[in-house]
Amino acid sequence: GASDAMRPHPLGVLPEGNRYLVSPEAAAASARARLEGLGAFAALPDALLMRLLSGGDEDDGVGAEALASLCLVSRVFRAFACHEDLWKAEVLRRDGGAFVFRGASWRETYRRGVSAAADRAGDDGRDDARENANDSPNIHHSRHPRIFSDALYSRHLAMHRPLDKAWLEKETIPVMRVTEGVRTEAQTKALASEFVDAYEKKNAPVILRGACAEWEAVRNDAWSLPALRRRLTNENVQTFHVGGYEVPLKNWERYCEASRPADEGGSGPVDDAPLYLFDKNFVATAPEAFCAQREGSTSGYEPPRFICSKSDDLFSLLPNRPDYRWFIHGPARSGSLFHVDPNGTSAWNAVVRGAKRWILFNPNGLPPPGVHPSVDGATVAQPVTLVEWYASFYEHAYPESDTEKSDSEEEEESAGSDEDSDAPTKTRTPADTKKRSESSKTSSGFLSGKRRQKKTYEVLEGTCFAGDVLFVPSGWWHAALNLTETAAVTQNFCSPRTAPKVLRFLKRAAASGKGGDASKSLAADLVSGLQSRDARGSLYADFLEALRKHRPDVLRLEEVRRVLGEDGRADGEEEKEEKEEDGDGGGTRRREVLRASPSVQNGARKKPRLGETSPSRFRETTETTRGTNALAGLFAAETRAESKGFAFGFKST
């Protein structure tokens with residue numbers, strides 16, 4: 001339908017492939033306009049030119065003044081210099097978390113700046129008439145040679161591509177319906193028993209329909225941004241974490257309003273990967289807004305006791321607990337990229353308002369198509385946005401979508417599946433898997449060899465609405481896409497059922513730190529949620545000590561004794577047995593060491609102070625982070641452009 005049609009690029013840019021759909025004369029005119037409009041810079045590929053303008057990962061780029069000047073050089077250079085990722089970076093570099101989104105673009109936001117006078121005058125930030133007329137999609141670009149560029153068009157495509165109905169129709173995550181209303185202690189115990197036996201013990205995900213419907217926050221719609229702002233005692237001081245910045249809630253509300261579609265009063269979307277509020281300190285920052293324990297509270301939440309009771313939340317025994325709970329808020333099309341939760345823990349995620357689409361991949365199978373973890377588990381390469389992943393890779397998760405597969409596509413180099421996962425497996429033919437180099441080896445101690453075997457994608461999908469809770473088991477790859485503006489709260493935990501997985505992860509991370517400074521660094525990087533590197537490196541020992549002191553019964557569990565090497569076998573014999581069971585002497589399992597902190601979503605960048613601003617798509621649509629924020633990584637070598645030696649030879653068009 002007309003509503004599903006792509007809107008035109010505001011500067012008339014078209015995908016590179018469209019060059020072959022026009023006449024030879026039109027294609028030649030486009031090439032000539034690019035050569036004359038870019039001068040000596042025409043020798044650079046479009047993606048490399050964008051990296052030059054942005055500064056890549058090493059510096060701040062050419063700066064706002066130079067970008068504004070380049071807009072006047074030629075129509076082609078204007079298309080580069082007006083790219084929204086560049087101006088987003090300039091806004092956040094200048095204003096940080098104090099940015100106030102204005103108009104319908106980051107360039108307009110930069111131009112108008114943070115103006116307290118405008119706020120006092122009642123400026124609502126939507127004076128689109130002040131936007132330069134050349135940015136209007138109604139400009140008659142047909143009078144000029146076309147601009148064909150994937151590097152310039154991909155952001156626009158990811159922003160405005162309609163969500164395919166096929167991406168949203170499958171509901172394959174099991175559902176456990178939770179009766180609404182006040183539950184007695186006996187009813188809570190019965191629910192807990194059903195949940196543990198049917199799902200947690202099997203390491204299987206489940207949507208707990210209505211599990212948080214009785215929260216005051218849900219019943220009173222108390223976590224809408226206007227409602228939260230009304231309860232803050234000092235909203236200029238009480239800030240929340242957004243893309244690497246501390247942002248006042250009033251500024252965040254303004255950004256979300258602009259991100260709404262036109263039929264909801266906004267001008268959005270304004271970003272291909274919308275900013276995402278992901279705050280771990282929300283209870284300490286604003287207890288008056290979030291805590292159910294406060295007398296007379298009408299806005300609070302309480303962790304579902306039948307999922308993990310206080311006595312079974314084993315990480316709570318630690319004097320210095322890793323980060324474990326987050327308040328989450330984002331506009332439609334925001335969300336979290338594919339990751340595995342930190343430190344081997346499981347998690348629950350409760351939707352307070354809105355709708356959240358989930359897709360999960362069983363650790364017994366392959367990682368999601370298009371998602372490539374490094375051998376040491378510290379980085380993960382994947383597309384920049386979830387919409388791009390769905391458009392490029394979603395269909396490959398299902399065998400019925402395959403039409404042609406070569407022998408090489410059938411083989412996936414893998415470090416094996418998680419031996420702790422008891423989730424039921426399904427026989428599927430792998431699709432769109434990639435052959436990787438056999439020569440790469442790890443020195444971390446996690447993998448001591450490589451092997452090839454056929455693997456399958458084992459995927460589950462479903463949608464959570466307000467009042468629903470998703471249980472995410474340990475080790476499962478998962479991603480979330482907000483279908484509407486959504487507020488949620490999530491918590492990671494280690495129960496006695498999860499303890500063997502957590503201890504195995506922490507034990508192997510600690511073991512990797514025994515080989516010198518480099519491996520100690522890796523051990524600290526693989527553990528997440530603690531500020532100090534020493535604290536991350538000692539988490540295994542600290543957790544064992546806490547269990548010995550407060551929950552020795554957990555250490556007597558058979559699975560835990562096996563992990564610790566206390567079941568009569570020599571330490572390390574268990575790992576040897578597991579390798580032999582694999583049949584080829586392969587190394588320990590890759591998926592156990594992969595984890596990504598949920599504290600950075602939607603693409604953490606290598607420049608922390610720029611949050612989500614680096615034009616990562618210019619790096620072959622993948623991005624790199626390491627350490628405790630290893631949510632996305634880049635394998636491909638990055639070509640760095642040197643600005644020296646280029647002469648300006650522009651010809652105005």
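Count residues from 1 along the sequence. These numbers come from the heavy atoms of this one structure, side chains and all, not from hydrogens, waters or symmetry mates.
The aromatic rings of F77 and F41 sit perpendicular, their planes meeting at an angle over 60°, well past the 30° parallel limit. Ring pair W389/Y394 is perpendicular by interplanar angle, where above 60° counts as perpendicular and below 30° as parallel. In this pair, H156 and H9 present their aromatic rings tilted. The plane angle is within the 30 to 60° band.
Take F240 and apply the ring-ring contact (aromatic ring centres under 6.0 Å, His included) test, not counting sequence neighbours, and it matches no residue. The side-chain hydrogen bond (donor to acceptor under 3.5 Å, both in side chains) test applied to Y255 returns D271, not counting sequence neighbours. Residues satisfying the side-chain hydrogen bond (donor to acceptor under 3.5 Å, both in side chains) criterion with N349, sequence neighbours excluded, are absent altogether. Judged as a salt bridge (Lys or Arg N to Asp or Glu O under 4.0 Å), and not counting sequence neighbours, E84 has no contacts. Residues satisfying the side-chain hydrogen bond (donor to acceptor under 3.5 Å, both in side chains) test with E264, not counting sequence neighbours, are none. Partners of T486 according to the side-chain hydrogen bond (donor to acceptor under 3.5 Å, both in side chains) rule, which considers only residues two or more places apart in sequence or in another chain, do not exist here.
A ring pair (Phe, Tyr, Trp, His ring centres under 6.0 Å) with F361 holds for exactly one of F338, W476, W477; it is F338. With V62 as the fixed residue, the side-chain contact (heavy atoms from CB on, under 4.5 Å) test singles out one of L86, L52, L53: L53.
Counted within 6.0 Å of CD on E169, heavy atoms from surrounding residues, nucleotides or ligands total more than 12; the atom is thus considered enclosed.
Checked for salt-bridge contact, R357 and E461 meet the test: a charged N lies under 4.0 Å from a carboxylate O. Between R254 and E257 there is no salt bridge, since no side-chain N of the basic residue sits under 4.0 Å from a carboxylate O of the acidic one.
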Given L249 and L277, is the side chain to side chain contact (heavy atoms under 4.5 Å, CB included) satisfied, shown in steps? CA-CA 10 Å; L249 214 54; L277 189 156; 4.1 Å; yes

Check step by step if side chain to side chain contact (heavy atoms under 4.5 Å, CB included) holds for S74 and E36. CA-CA 9 Å; S74 67; E36 295 173 348; over 6 Å; no

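Judged purely by distance below 3.5 Å, without hydrogens or angles, the side chains of S105 and E108 never pair a donor atom with an acceptor atom. One side chain, D46 or S149, offers a donor N or O that lies under 3.5 Å from an acceptor on the other. In this model, no donor atom of one side chain and acceptor atom of the other lie less than 3.5 Å apart for R75 and H144. Using modelled atom types and a 3.5 Å distance limit, the side chains of H372 and Q382 yield no donor-acceptor pair.
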